[in-house]
Amino acid sequence: MATNPEELPLVLILKPFPSIPSFQEKFSNKFRSLKGTDLSVPVSEFFRKECQSVKALVCGAKFALTKDILNCLPSLGCIVLTCVGLDNIDLDECRKRGIVIGNAGTVYSEDVADFAIGLLIDVLRGISSGHRFVRSGLWSINTEFPLGSKLSGKRVGILGLGSIGSEVAKRLEAFSCVISYTSRTKKPLNKETFHIINKDVMSALGKKGIIINVGRGALVDEKEMVRCLVQGEIGGAGLDVFEKEPYIPEELLEKDNIVLAPHVAVVTVESYSALHELIISNLEAFFSNKPLLSLVKYN
């Protein structure tokens, strides 16, 4: 690596991601950063004028790396993602150009699994609704609180036994749950997984069934789920992701058997710290002509 700051490798940062001063200092000691969001010019113009020599970029899930954008980056050889999914990238174009991609790997897995179990317990035991019950003053006037249901021994199905699903299963084993799962090659949201949790699945869950979603909002047919919840055809839901974030159907806000979170299952000090280290390690590997630590095999 170069010691002269002007000779440090240039990295394009798209859509700032949460970081801490120690990461920023470590990053600036190893790389020069070019931040597209700092400029008011149109994105395409910025790319054409400022990014012709950029070989690596860092971005999150909310920035679409389309073919047109990639064509404005003729020197690009590496994309480092702050997310796991590849939904926002034109993979065919990356494949044609031999661009390597590193994602967030497994840095979020434990925290997301913890959150999924938290949502499940909350829905079953009514923790959030109990909190509202107490704060509203209902307890003080001896209003009865609805019965909950225990997690221990429950039958739980896991859609996708990847790194997160496996961590969820480990935690459920401690509750002596009966675990069923479906597993396949890891893929982003696509036409095969869109609304994979549909009317038939919800009918099979029945009136005591609960949906927990910490994956992608569109994996669940949200309109059908709302209908089932309102009509009591399924027992409840714990949701961290939604189809059209941040929009949430009003019906979901009105029921105590639904627990909602603003897409924060990954948001912990520990997961972000691990992500920061991974970003730097992936970039160092690329500029040293070594394999990325969390290389995505998409070919």
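Residue numbers run from 1 in the order of the sequence given.
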Do Thr66 and Asp90 meet the criterion of a side-chain donor-acceptor pair at a distance under 3.5 Å?
no
Angle class for the Tyr272/Tyr108 ring planes (parallel below 30°, perpendicular above 60°, tilted otherwise)?
perpendicular
Are Thr106 and Ser163 linked by a side-chain donor-acceptor pair shorter than 3.5 Å?
no
Identify which one of Leu14, Val58, Leu65 satisfies the side chain to side chain contact (heavy atoms under 4.5 Å, CB included) criterion when paired with Ile79.
Leu65
Quickly, which of Asp240, Leu239, Leu119, Leu159 forms a side chain to side chain contact (heavy atoms under 4.5 Å, CB included) with Asn213? Name it, please.
Leu239
Which atom pair, heavy atoms only, marks the closest approach of Val123 to Ile210?
CG1-CD1, 3.7 Å
If I compare all heavy atoms of Val241 with all of Gly215, which pair ends up nearest, and what's the gap?
CG1-O, 3.6 Å
Minimal heavy-atom distance between Tyr247 and Phe242, with the atoms involved, is O-CB, 4.1 Å
Indicate whether the side chain of Gln24 and that of His276 have a donor and an acceptor atom separated by less than 3.5 Å.
no
Can you give me the closest heavy-atom contact between Phe175 and Arg171, atom names plus distance?
CD1-O, 3.3 Å
For residues Ser149 and Lys154, is any side-chain donor paired with an opposing acceptor at under 3.5 Å?
yes
Run the salt-bridge test on Lys255 and Glu251 with the 4.0 Å N-O cut-off and return the result as yes or no.
no
CD of Gln231: more than 12 outside heavy atoms within 6.0 angstrom?
yes
For Leu10 and Ser53, the nearest pair of non-hydrogen atoms, with its separation, is CD2-OG, 4.3 Å
